[in-house]
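First up is the structure itself, then whatever we jot down about it.
Convention: sequence-line order gives letters A, B, ...; per-chain numbering from 1. Since we're looking at a predicted model, the values are computed, not measured. Atom set for the values below is all heavy atoms of this structure, side chains included, hydrogens, waters and symmetry mates excluded.
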Protein chains: 2
Amino acid sequence: MEDLDRRIVALLASDGRLSFTDLAKETGLSVSAVHQRVRRLQERSAIKGYRAVVDHEAAGLPLTALVSITPFDASAPDDIPDRLRDIHQIVSCWSVAGEENYVLQVRVASPCELEELLARIRTAAAVTTRTTVVLSTPWEDRSPFTD
Amino acid sequence: MEDLDRRIVALLASDGRLSFTDLAKETGLSVSAVHQRVRRLQERSAIKGYRAVVDHEAAGLPLTALVSITPFDASAPDDIPDRLRDIHQIVSCWSVAGEENYVLQVRVASPCELEELLARIRTAAAVTTRTTVVLSTPWEDRSPFTD
DNA sequence: TATGAAAAGTAAACAGG
DNA sequence: CCTGTTTACTTTTCATA
């Protein structure tokens, strides 16, 4: 990726609603040139979409946890992500190198819902779970490009 | 939070660039009413901002890791987030219940940069680190509201 | 807290270098 | 791959219920 594209991506990663006018000012390009570059970045999926950053406490999902999972049967074919994809409380699913096979980031309304969710994960994916509850979030989902 | 606000938040969480016109269609409100509600949600920080969802491979930061950290000196006052805040490779910082005190999500360009980053984290925050490298990411940062 | 209408600003498509 | 122009749409503000 070119340096100009990198700048555009960094700018949109920290403010996804920047207008093309502002992007043009920041990059020194014309509005049309920025527009074309952003469109290309989206077509190539270098920019995959845009989202509002939500305060999950305010939105009724105050409890976050990290759930490490290990299959019961290590020899079974690994279709775990497919088995978990429809569980919307799982906001991230990482395949990891380490003692466990996957780490999931989950968001729920209450400890009680976490309990239900863990049961659902275990049965859906045939795994054991090790859960780390998040107590507070100093920050989250920051852009790594702001250097 | 009201039900209408929750719908608006959910819509913007999955598409942060939805126009007020489209939000109005989806919610049955007028454009101005949606506009006011979104503005209020932003003022109350229920919506904290907007970001582009970036393909980190394409953007030159293909390596993600989860770093669990434990202070050398458990009796020292805990200002760890403050000591780590300026390290932009740390995209998330969660205070957790468990063996370790914090889990960090980090993004770097290469194993070599990860090594440097871990050294920086250890000296900046006076901690030991346990690092779990992410091998692949079936999905990430999904909206938990799409039910 | 809602509405509709007007003014200002922006996005998208286009022609051309 | 860039630029400037045009058209259509969107955002924002305002008067009003």
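Atom pair Asp22(B):CG and dC9(D):P shows a separation of 12 Å (rounding to whole Å applied). Rounded to whole angstrom, the span from the CG atom of Leu23(A) across to the C1' atom of dG9(C) amounts to 15 Å. As a whole-Å value, the separation of Leu29(A) CG from dA11(C) C1' is 17 Å. Here the C1' atom of nucleotide dC9(D) and the CZ atom of Arg17(B) are 15 Å apart, to the nearest Å. Spacing between atom CZ of Phe20(A) and atom P of dG4(D) amounts to 17 Å, rounded to whole angstrom units. Atom CG in Leu18(B) sits about 11 Å away from atom P in dT10(D), given to the nearest Å. One can place CZ of Arg39(B) at 16 Å from C1' of dT10(D), the figure rounded to the nearest angstrom.
Between Gly28(A) and Ser19(B), the residue anchored closer to the 5' end of DNA chain D is Gly28(A), taking for each the nucleotide with the nearest heavy atom. If Gln36(A) and Val34(B) are placed on DNA chain C by their nearest nucleotide, the residue sitting closer to the 5' end is Val34(B).
Residue contacts for Ser32(B): at a heavy-atom cut-off of 4.0 Å it reaches a base atom on one of the strands shown. Here Arg37(B) lies in heavy-atom contact (under 4.0 Å) with sugar-phosphate atoms only.
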**OP:** Kindly indicate, with the supporting measurements, whether the criterion salt bridge (Lys or Arg N to Asp or Glu O under 4.0 Å) is fulfilled by Glu43(B) and Arg39(B).
**Re:** CA-CA 6 Å; Glu43(B) 278 162 8; Arg39(B) 193 158 38 77; 3.7 Å; yes

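One finds a side-chain N or O of Arg40(B) lying less than 4.0 angstrom from the OP1 or OP2 phosphate oxygen of dT1(C). Contact annotation: Thr21(B) reaches the phosphate of dT10(D) (side-chain N/O to OP1 or OP2, under 4.0 Å). For dT12(D), the OP1/OP2 oxygens have a side-chain nitrogen or oxygen of His35(B) closer than 4.0 Å.
Using a cutoff of 4.0 Å between basic side-chain nitrogens and carboxylate oxygens, Arg44(A) and Glu57(B) are not scored as salt-bridged.
For the atom pair Arg142(A) CZ and Arg107(B) CZ, the distance stands at 12.0 Å (nearest 0.5 Å).
Side-chain contact of Thr27(A) with Arg7(A): a donor-acceptor pair under 3.5 Å is absent, judged by distance alone.
Cation-pi contact between Arg17(B) and Phe20(A): present, with separation from the ring centre below 6.0 Å and deviation from the ring axis of at most 45°.
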